[in-house]
Amino acid sequence: MKITDESKVFYHSVYALIGKIPYGKVTSYGHIAYLLNRPQNSRLVGSSLKHLKFIAESLNREANPEDIIEPESVPWWRVISSAGKISPRGNSDNESRQARFLREEGVEVSNAYRIDLEKYGWFPDEVDF
DNA sequence: AAGGTGACCGGGA
DNA sequence: ATCCCGGCCACCT
């Protein structure tokens, strides 16, 4: 997979923004895209998480020290679908792992991988960087 | 270079 | 509630 210069900025801001989701809260792929003024790019938000390790490595290679991204520190598990469910993404092991991470921080996850957004959702209109 | 894919989303049946 | 479909757009073949 290749990464264009244009998208590097986007990827970096996706990771930075996800890092702002409070402990014990969740938000959606679409809302991340919305906050970055690219409401049509929710799919790309998912993609940036799918390739988190690879992309972070690539970004870090040319990044200033303060812009280094530790893949481990990006709370990807706090991002779910706008429907309030954990995305299956093919492998049910992924779902259960994400559910475990969320439960560890106090988020209730139903056995159908559903989450109550009223209770745990984080959907600010804007976020300062 | 044209067509396929997808950690998405909203609306309609 | 759930499934389906069309729209979306950067990336990948």
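First the proteins, then the strands, lettered A, B, ... as listed; each starts at 1. Treat the numbers as computed from the prediction; the structure is a model and nothing was measured.
Within the 4.0 angstrom heavy-atom criterion, only backbone atoms of the sugar-phosphate kind lie near Ser87(A); the bases stay farther away. Contacts of Leu44(A) with the nucleic acid, taken as non-hydrogen atoms under 4.0 Å apart, involve only primed sugar atoms and P, OP1 or OP2.
Checking the phosphate oxygens (OP1, OP2) of dA7(B), no side-chain nitrogen or oxygen of Ser81(A) falls inside 4.0 Å. Residue Ser7(A) places at least one side-chain N or O under 4.0 Å from the OP1 or OP2 atom of dC11(C). Considering only side-chain N and O atoms, Arg114(A) lies under 4.0 angstrom from the phosphate OP1 or OP2 of dA1(C). For Ser47(A) and dG6(B), the shortest distance from a side-chain N or O to OP1 or OP2 is not below 4.0 Å. Put simply, Thr4(A) has a side-chain N or O that comes within less than 4.0 Å of OP1 or OP2 on dC11(C). For Arg89(A) and dT5(B), the shortest distance from a side-chain N or O to OP1 or OP2 is not below 4.0 Å.
To the nearest angstrom, C1' of dC11(C) lies 7 Å from CE of Met1(A). As rounded to whole Å, 12 Å separates atom P of dT5(B) from atom NZ of Lys50(A). Per the geometry, NZ belonging to Lys85(A) stands 15 Å off P belonging to dA7(B), to the nearest Å. Atom NE2 in His51(A) sits roughly 15 Å away from atom P in dA10(C) (whole-Å rounding). Residue Lys53(A) contributes atom NZ, which lies 18 Å from atom P of dA7(B) at whole-angstrom precision. In this structure, the OH atom of Tyr34(A) is 18 Å from the P atom of dC9(C), given to the nearest Å. dG6(B) atom P lies 17 Å from atom CG of Leu49(A), rounded to whole Å. Atom NZ of Lys2(A) is separated from atom C1' of dA10(C) by 13 Å (rounded to the nearest Å).
Distances from the side chain of Gln40(A) to the nucleotides dC8(C), dC9(B), dC12(C) place dC8(C) closest. When each of dA7(B), dC9(B), dG6(B) is scored by its nearest atom to the side-chain atoms of Ser28(A), the top-ranked nucleotide is dC9(B). Listed candidates were dA10(C), dC9(B), dC11(C). Nearest to the side chain of Asn41(A) is dA10(C).
Between Phe54(A) and His51(A), the gap from one ring centroid to the other reaches at least 6.0 Å.
Residues Glu108(A) and Tyr120(A) bring a donor and an acceptor atom of their side chains to less than 3.5 Å of each other. Gln98(A) and Arg89(A) share a donor-acceptor pair across their side chains, judged by distance under 3.5 Å alone.
Atom CG of Asp125(A) has 12 or fewer neighbouring heavy atoms from other residues, nucleotides or ligands inside a 6.0 Å radius.
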* Asked: What's the verdict on salt bridge (charged side-chain N to carboxylate O under 4.0 Å, His left out) for Glu105(A) and Lys25(A), showing C-alpha distance, side-chain angles and the deciding distance?
  -> CA-CA 9 Å; Glu105(A) 42 186 80; Lys25(A) 295 285 186 179; over 6 Å; no
